[in-house]
A.B. asks: 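Have a look at the structure that comes next, please.
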Amino acid sequence: MTYATILIRGIVQGVGFRPFIYRIATKHHLNGYVQNRGDAGVKVVLEGKKLQITKFLKSLEIEKPPQANIHETIVDFDEEKKKSFVEFRIIESDNKGKSFGSIIPPDISICDECLEELRDPSDRRYDYFFITCTNCGPRYTIINDTPYDRENTAMRSFSMCTNCMEEYVDPKDRRFHAQTIACSDCGPKVWISDRNGEKIESIDPIREVGKLLEEGFIVAIKGNGGFHIAASTLKDEPIVKLRKSKHRSQKPFAIMARSVEAIRTFAELNAYEESLLTSPIRPIILLRKNLNYCLSNLISPNLHNIGIMLPYTGQHDLLFEKTSDPAFIMTSANPPEEPIITKNDVAIKKLSSDVDYFLVHDRTISQRCDDSVVRFVGESIAIIRRSRGFAPAPIHIQNEAKRGILGVGGELNVACCILKNRKAFISQHIGDIETIETLKFLSDVIKHLIRLTKSDLEIIAHDLHPRFNTTKLAKDLAEELDCELFPVQHHFAHLTKIMGEHNLHEAIGIVCDGYGYGLDGKAWGGEILFCSGSEFKRIGHLEEQPMIGGDLATKFPLRMLAGFLLENKKFEKWLLNKSRFLPYGEEEVNLILQQSKLKNTMTTSCGRLLDAISALLGICYERTYEGEPAMKLESVALSGKSVLNLKPEIEKDVIKTSSFVEEIFHNLRKYPIQNLAYSAQSYVADSLSEFAILEAERLGVRNICFTGGVAYNEHIALRIKKIVEKNGFDFFLQKKLPPGDGGISFGQTIFTDLMKEK
Ligand code: ZN
Ligand code: ZN
Ligand code: FE
């Protein structure tokens, strides 16, 4: 007899792994046991013939459950007889295994088998909205602690009925040891309530809500990771109401479409997009509206694309069943600047004036988690918000981190990150840390992530900005956890974020975004950076421009534009003509013209440059959500072509921007705005790539990376890629992490680890 002890690391809990081990062990006539461990790994002890154990290991590799991800398998053979097993068993979990480094999986969308049962009137779970199995269902959002056992999840308050229990203990059943097992007899219940929280009797609450949405009512729906606000996509009225109550005049709403076929009636969908849209991750994908677009224009006003996802739970599927609407609005239910709501009583308190009805259930949400959002830049995925379906699955890195490091992120779109050994665990999307509520959410998630990963932290990395809320949080945490603090400049964190993702040792980074606190205290945002090992340098940047009125220039891009054109004689008159687009009209224009000479706040921001052009072309005069002017510029440029032959103008380490903005100003009446928008974006891409290439040649660097929020702009990103590759350099975009600030915390930890190596 041979004995083997196998330790398996990776995503191996909550994905039907133990039942799978049970099946392959019994198939190969092996005795012993399998056990979940407190570190989220799995231990297997086998007794049997050596050949059978070898076959078992082969099966382990090739037959593993679809959602399992094995990072490492350690096999320890032993010929000596220790103990005789009479059978193979799944035994109780143990809580040992401190730094084993496994993790519980992200939420997994409903699988086809469950969907079939949901629709089958003869099935025991016909119509049961929380139908799940070992291969699908919520995971991260229900887990309080590891190991992933029912006791450690939000399902602990629902004791299994005899039928469910029978399936749970039957090795041949596909719900064998499924921790989310439930049915209409024993599992969570769903009901409708009016806007005051009074329960409304209904025998079919979910389908009834579908009808209500179709009729034009607004309903708050509790899901797995939080509440959504749902409404019709065909009627303007509920959307107008929603925009008023959410204080969001322009920001696009995400929608949930009933099927891929339904999407094709109003949006374009390529093979890459379709496969991600239908994958177990089921993110929201920004898809191009097609010529037959028939949904309300108020959903994503003046944008060429619209955020679409497919149903990912049984509840969603039932919602559509009795309606003919192609899609419903499905937006995160969060009060302005606050995280998505997860509790029934809070929802009723905070949303009762915004919605007509509530569809709620009685399972607690352990971990709040928003939907993920992505878009495609060419064939390459660009993650905008890395959350449900992704988090908290780790990113693998090549160089082992020598210490546990926490990155708390910047200020906008924050997610935190723990770097440990060769893995970086990045949390779900937290949001903009501008209120007590989001700060508390961040601090809770950090503590949860430390617990799940069983991390001993040595260093806490934070943004260089002295007044960010996350900087203060880092200081408090460092005291509490007895850690060292390490500040990281925003754009260097962006650079190490992309280099870390691609395991690059040396690169030139084009880092373009809205704002980051610079090493000189100025507002950076159009940077060419260089990194080799642990050597970092700012080698170039966009021309500094005044931000007239500071943050007001971000909100009203005409102010930003005035900084570019202040020397131009004709501009004054032009701006006076546009005074109605500023809150205080002519008076404000006069003030802007006076202030423009002071040059108090200067910025190199590429985002602000695009904003200014957007205002110059009359596309967007007021920013009501992050990225709005630049996003609308991109939408307009889509139908444009090149008209101005703008040559990159570079002086020493500065990429000039004034004269090109001036050139567009001169040509305002000569060309259609889409052609000017196109030419402006091209100039940005051409000048950045030319500078990066010249520097790469001078420094003998092979790799050129492009990241930061501007990398979501498809025109700019693909043009830079084309130029860089044509010149024989290797080009990189982010694929696993957001180019924007959502991945900053990862970059902070990588940067810190590199600097500490010095
Ligand atoms: Zn399933
Ligand atoms: Zn049951
Ligand atoms: Fe940034």
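Just so you know, these numbers use all the heavy atoms, side chains as well, and skip hydrogens, waters and symmetry mates. When a residue number appears, it is its place in the shown sequence, counting from 1. Order of listing sets the numbers, starting from 1, for every ligand and every atom in it.
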A.B. asks: Do you know which N/O/S atom name in D513 is closest to the Fe ion (ligand 3)?
C.D. replies: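 Output for this pair reads OD2.
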
A.B. asks: Given SG of C186 on one side and SG of C161 on the other, what angle do they make at the Zn ion (ligand 2), to 10°?
C.D. replies: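 With the Zn ion (ligand 2) as the vertex, the angle is close to 110°.
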
A.B. asks: If you measure from the Lys or Arg side-chain nitrogens to the Asp or Glu carboxylate oxygens, is any gap between E117 and R175 under 4.0 Å?
C.D. replies: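 R175 and E117: salt-bridged.
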
A.B. asks: Using a 6.0 Å distance limit plus a 45 degree cone around the ring axis, check whether R538 lies over the aromatic ring of F530.
C.D. replies: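 Judged by the rule (NZ or CZ under 6.0 Å from the ring centre, within 45° of its axis), R538 is not positioned above F530.
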
A.B. asks: How wide is the angle at the Zn ion (ligand 1) between SG in C111 and SG in C114, to the nearest 10°?
C.D. replies: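 It is 110°, given to the nearest 10°.
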
A.B. asks: Less than 6.0 Å separating the ring centroids of H361 and F130?
C.D. replies: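 Ring-ring flag for H361/F130: true, centres closer than 6.0 Å.
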
A.B. asks: Does the ring center of H177 lie less than 6.0 Å from the ring center of Y168?
C.D. replies: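 Under 6.0 Å, so yes.
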
A.B. asks: Is it true that some N/O/S atom of H494, main chain or side chain, lies under 2.8 Å from the Fe ion (ligand 3)?
C.D. replies: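 Here the distance criterion (N, O or S atom, under 2.8 Å) is met by H494, so yes.
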
A.B. asks: If I take the Fe ion (ligand 3) as the centre, what angle separates the OD1 atom of D741 from the NE2 atom of H490? Nearest 10 degrees is fine.
C.D. replies: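 It rounds to 100°.
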
A.B. asks: Would you mind checking if E628 and R623 are paired as a salt bridge, meaning a charged N to carboxylate O distance below 4.0 Å?
C.D. replies: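 A salt bridge is absent here (no side-chain N lies under 4.0 Å from a carboxylate O).
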
A.B. asks: Before moving on, can you tell me the angle at the Zn ion (ligand 2) between the SG atom of C164 and the SG atom of C183, to the nearest 10 degrees?
C.D. replies: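 Value, to the nearest 10 degrees: 110°.
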
